[in-house]
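Order of listing sets the numbers, starting from 1, for every ligand and every atom in it.
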Amino acid sequence: MLHTINKIGVMTSGGDSPGMNAAVRSVVRACAFHNLECYGIYRGYEGMIDGDFVKMDARSVKGIINKGGTILKSARSKEFRTKEGRAKAYEQLKKAEIDAFVVIGGDGSFTGAMIFNQEYDFPVMGIPGTIDNDIFGTTHTLGYDTALNTVVEVIDKIRDTASSHNRLFFIEVMGRDVGHIALNVGIGAGAEEILIPEEDLGLDRLLDSLRRSKKTGKSSSIVIVAEGDKIGKNVFELKDYVDVNMSEYEVRVSVLGHMQRGGSPSCFDRVLASRMGVKAVESLITGKSNFMVGLKNDIIDLTPFDQAVKGKSKINMELLRVSDIMSI
Ligand code: ATP
């Protein structure tokens, strides 16, 4: 059924990421540009169920493009996973006369939107916001570029200590399912080894590689470990293993954790968010629904939600080779 779109809701859902505010701003301003009303939905699906909506106009999003986190707050909603929860959400949207919504979040948020669309034929559009870059249908998710820059800056600082004390540092970065962050920051910060979920390097090869580094005159080493690394040992167990097997190194561990998710978005993420917000609104206006907006070959494109959710985001294998060559 073709829907007339007069009022669009926008929300952030799941884990926050830098660039979410820039995307909210873009959706709000694109609505204003096309003479549509826009409502912010607080706390993701949780706020949708509670009818926690706020009318937003072009001026209400001033001064947020450079802010990390999300002014609309984010949440995970158990209730929205139930039919009853989604029925409540639908009633609230109807009561507020909201005709469509844009959800900025990860694949869980898109799954929720897809189910809601199937049940109520309600127009929905998604913008990928997560630092892990683990979503199919876009080369970049919002916040990923910022996270890379944040992490590289921190590794540079750790390198100062590593080289001053001839130490080996294991640095754990985010990336449970895909190693985008680990691989890119590893190359960008000149790591000796990068352990990612896509490749099982194995403990022996890790030791060989570290021994080789030592032989070639390196006095300190940085090993980047993605959370989901396939060796199957956490970063502290890796330290213990190297401690036992390579007494020549003094080993330290640094787990970067949530600091990777925060901070002011990079210029790249701000521009990407602005482009994605406009595309999401204009796609809804032209009757499209159930898609995720993504970046492909520098073009903003749409991917059906079911593909975005089911597909696997793949690392660039060329980067693995480059990393091997660089760490000679
Ligand atoms: P992140 O990448 O940070 O994990 P995400 O969007 O994948 O972000 P989730 O917690 O998986 O985060 O999903 C966000 C919300 O989407 C959930 O709290 C829930 O309300 C809704 N959701 C997820 N999966 C479903 C589902 N199968 N049915 C209905 N709603 C869902």
- Decide, yes or no, whether a salt bridge links Asp16 with Arg261 under the criterion of side-chain N to carboxylate O below 4.0 Å.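 So Asp16 pairs with Arg261 through a salt bridge.
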- Task: Decide if the gap between the ring center of Tyr39 and the ring center of Phe53 is smaller than 6.0 angstrom.
- Result: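 So the answer is no for these two rings.
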- Query: Under 6.0 Å from the six-membered ring centre of Tyr249 and within 45° of its axis: does the NZ or CZ of Lys214 meet both?
  - Reply: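 Yes, Lys214 and Tyr249 form such a contact.
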- Query: Sequence neighbours excluded, which residues qualify as salt bridge (Lys or Arg N to Asp or Glu O under 4.0 Å) partners of Asp298?
  - Reply: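 With neighbours one apart ignored, the set is Arg275.
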- Name the residues in contact with ligand 1, where contact means a heavy atom under 4.0 Å away: which are they?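 Contacting ligand 1 under 4.0 Å are Ser13, Gly14, Gly15, Tyr45, Arg76, Ser77, Phe80, Arg81, Arg86, Gly106, Asp107, Gly108, Ser109, Thr111, Gly112, Ile115, Thr130.
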- Query: For residues 314-328, which residue pairs qualify under side-chain hydrogen bond (donor to acceptor under 3.5 Å, both in side chains), counting only residues two or more places apart or in two chains?
  - Reply: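 Not a single pair qualifies under side-chain hydrogen bond (donor to acceptor under 3.5 Å, both in side chains).
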- Task: Write out all pairs satisfying side-chain hydrogen bond (donor to acceptor under 3.5 Å, both in side chains) with one or both partners inside residues 58-82, taking only residues at least two apart or from two chains.
- Result: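 Found Thr12-Thr70, Glu46-Ser77, Glu79-Lys88.
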